[in-house]
Amino acid sequence: MKKIVVFQVGSQAYTVGGERYSMEAAPFIDKDRTFVPISFAATALGVPKNNIVWEPKAKTVTITKGNQKVVIKIDATTMSVNGVNRPLDAPAKIVNGRTMVPIAQVAEALGVEYKWVPETKSVRFW
């Protein structure tokens with residue numbers, strides 16, 4: 001059984017399988033897209049920390065989960081998934097030193113299911 005991961009807009013806390021964790025940056029909504037800090041989201045979704053690589057000069061983050069390799073460049077309107085460019089509805093950005101990504105499209109690229117819960121302004125992943 002997969003653990004449910006929940007990120008809530010405006011909250012610096014998130015849960016993994018009901019266990020609460022904290023992060024330095026809170027998810028937010030911009031242009032109707034929910035942005036989350038990718039390092040916390042990826043590890044919560046089962047990506048080992050050493051499979052999340054930030055390249056400061058190129059301003060890219062590479063996430064590898066199983067046979068999926070996703071490369072996201074700050075301010076780009078596309079991301080690379082296993083070498084194939086896919087459009088992003090909103091570009092990744094750096095906020096308060098954290099790489100924030102539009103999580104729905106990144107979750108899809110990593111093969112993770114998700115649901116937006118409007119009543120709580122939260123995203124649930126499994």
Side-chain angles (χ1 to χ4, degrees):
M1 186 168 102
K2 293 183 180 182
K3 290 183 179 180
I4 294 179
V5 176
V6 180
F7 286 89
Q8 187 171 15
V9 171
S11 175
Q12 289 181 279
Y14 65 100
T15 61
V16 178
E19 197 169 328
R20 188 177 169 99
Y21 297 91
S22 63
M23 56 189 163
E24 293 95 10
F28 62 88
I29 296 174
D30 185 33
K31 297 179 183 155
D32 293 327
R33 295 291 170 241
T34 303
F35 284 77
V36 300
I38 191 58
S39 60
F40 292 100
T43 54
L45 297 172
V47 177
K49 286 186 180 191
N50 61 335
N51 285 6
I52 305 164
V53 179
W54 170 249
E55 181 56 53
K57 285 185 181 180
K59 291 190 178 179
T60 60
V61 63
T62 302
I63 307 145
T64 306
K65 183 178 183 200
N67 62 355
Q68 295 296 97
K69 182 178 180 179
V70 178
V71 180
I72 303 165
K73 184 173 178 62
I74 299 301
D75 295 325
T77 56
T78 61
M79 67 178 160
S80 170
V81 181
N82 293 335
V84 177
N85 283 341
R86 288 192 191 174
L88 282 171
D89 291 340
K93 53 184 82 186
I94 297 175
V95 178
N96 296 328
R98 285 284 170 195
T99 301
M100 307 293 283
V101 300
I103 194 58
Q105 292 175 295
V106 175
E108 287 174 2
L110 293 171
V112 175
E113 295 182 63
Y114 68 92
K115 179 182 179 184
W116 170 251
V117 183
E119 300 81 20
T120 58
K121 290 188 177 180
S122 62
V123 184
R124 298 170 60 90
F125 302 93
W126 60 93

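All values below were derived from every heavy atom in this structure, side-chain atoms included, with hydrogens, water molecules and symmetry-related copies excluded. Note that this is a predicted model, so its numbers are computed, not measured.
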Reported CD1-to-OG1 distance for the pair Ile4 and Thr15, which is rounded to 0.5 angstrom: 8.5 Å
Linked, directly or transitively: Trp54 and Ile103 (ILVMFWY side chains, under 4.5 Å): yes
Side-chain heavy atoms of Lys31 within contact of Asp89, under 4.5 Å: no
Within one Ile-Leu-Val-Met-Phe-Trp-Tyr cluster: Met79 and Val71, side-chain cutoff 4.5 Å: no
Glu24 backbone acceptor or donor facing Gln12 side chain under 3.5 Å: yes
Asp32 atom CG: more than 12 heavy-atom contacts under 6.0 Å: no
Distance, nearest 0.5 Å, that separates CE of Met100 from CG of Asp30: 10.5 Å
Contact summary for Val16 and Lys3, nearest pair of heavy atoms: CG1-CD, 4.0 Å
Donor-acceptor contact present, side-chain Lys65 to main-chain Leu45, <3.5 Å: yes
Donor-acceptor contact below 3.5 Å, side chain Gln68 vs main chain Ala109: yes
Stepwise side-chain contact (heavy atoms from CB on, under 4.5 Å) check, Thr62 with Glu55: CA-CA 8 Å; Thr62 302; Glu55 181 56 53; over 6 Å; no
Gap between atom OG1 of Thr78 and atom CG of Leu88 - 0.5 Å precision: 6.5 Å
Heavy-atom neighbours of Arg124 CZ exceed 12 at 6.0 Å: no
Considering all heavy atoms, the nearest Ala90-Phe35 contact: CB-CZ, 3.6 Å
Sequence neighbours excluded - ring-ring contact (aromatic ring centres under 6.0 Å, His included) pairs with any residue from residues 71-126: none
Thr64 to Lys69 - nearest heavy-atom pair and separation: OG1-CG, 4.0 Å
Cluster check Val9, Val6: I/L/V/M/F/W/Y, side chain < 4.5 angstrom: no
For Ser22 against Tyr14, the heavy-atom pair lying closest together: O-CE2, 3.9 Å
Heavy-atom pair of closest approach, residues Gly10 and Ala26: C-CB, 3.6 Å
Shortest non-hydrogen contact from Val101 toward Ala92: CG1-CB, 3.9 Å
Neighbour count above 12 (heavy atom, 6.0 Å) for Lys115 NZ: no
Cluster link Ile52 to Leu110, ILVMFWY, side chain under 4.5 Å: yes
Val36/Met23 under side-chain contact (heavy atoms from CB on, under 4.5 Å): CA gap, chis, key distance, verdict: CA-CA 10 Å; Val36 300; Met23 56 189 163; over 6 Å; no
Contacts of Lys59 that satisfy salt bridge (charged side-chain N to carboxylate O under 4.0 Å, His left out) - sequence neighbours left out: none
Nearest-0.5 Å distance, CD1 of residue Ile94 to CG of residue Asn96: 11.0 Å
Rounded distance (nearest 0.5 Å) linking atom CZ of Phe7 with atom CZ of Phe40: 8.5 Å
ILVMFWY cluster, Val95 and Ile38 together (side-chain gap under 4.5 Å): no
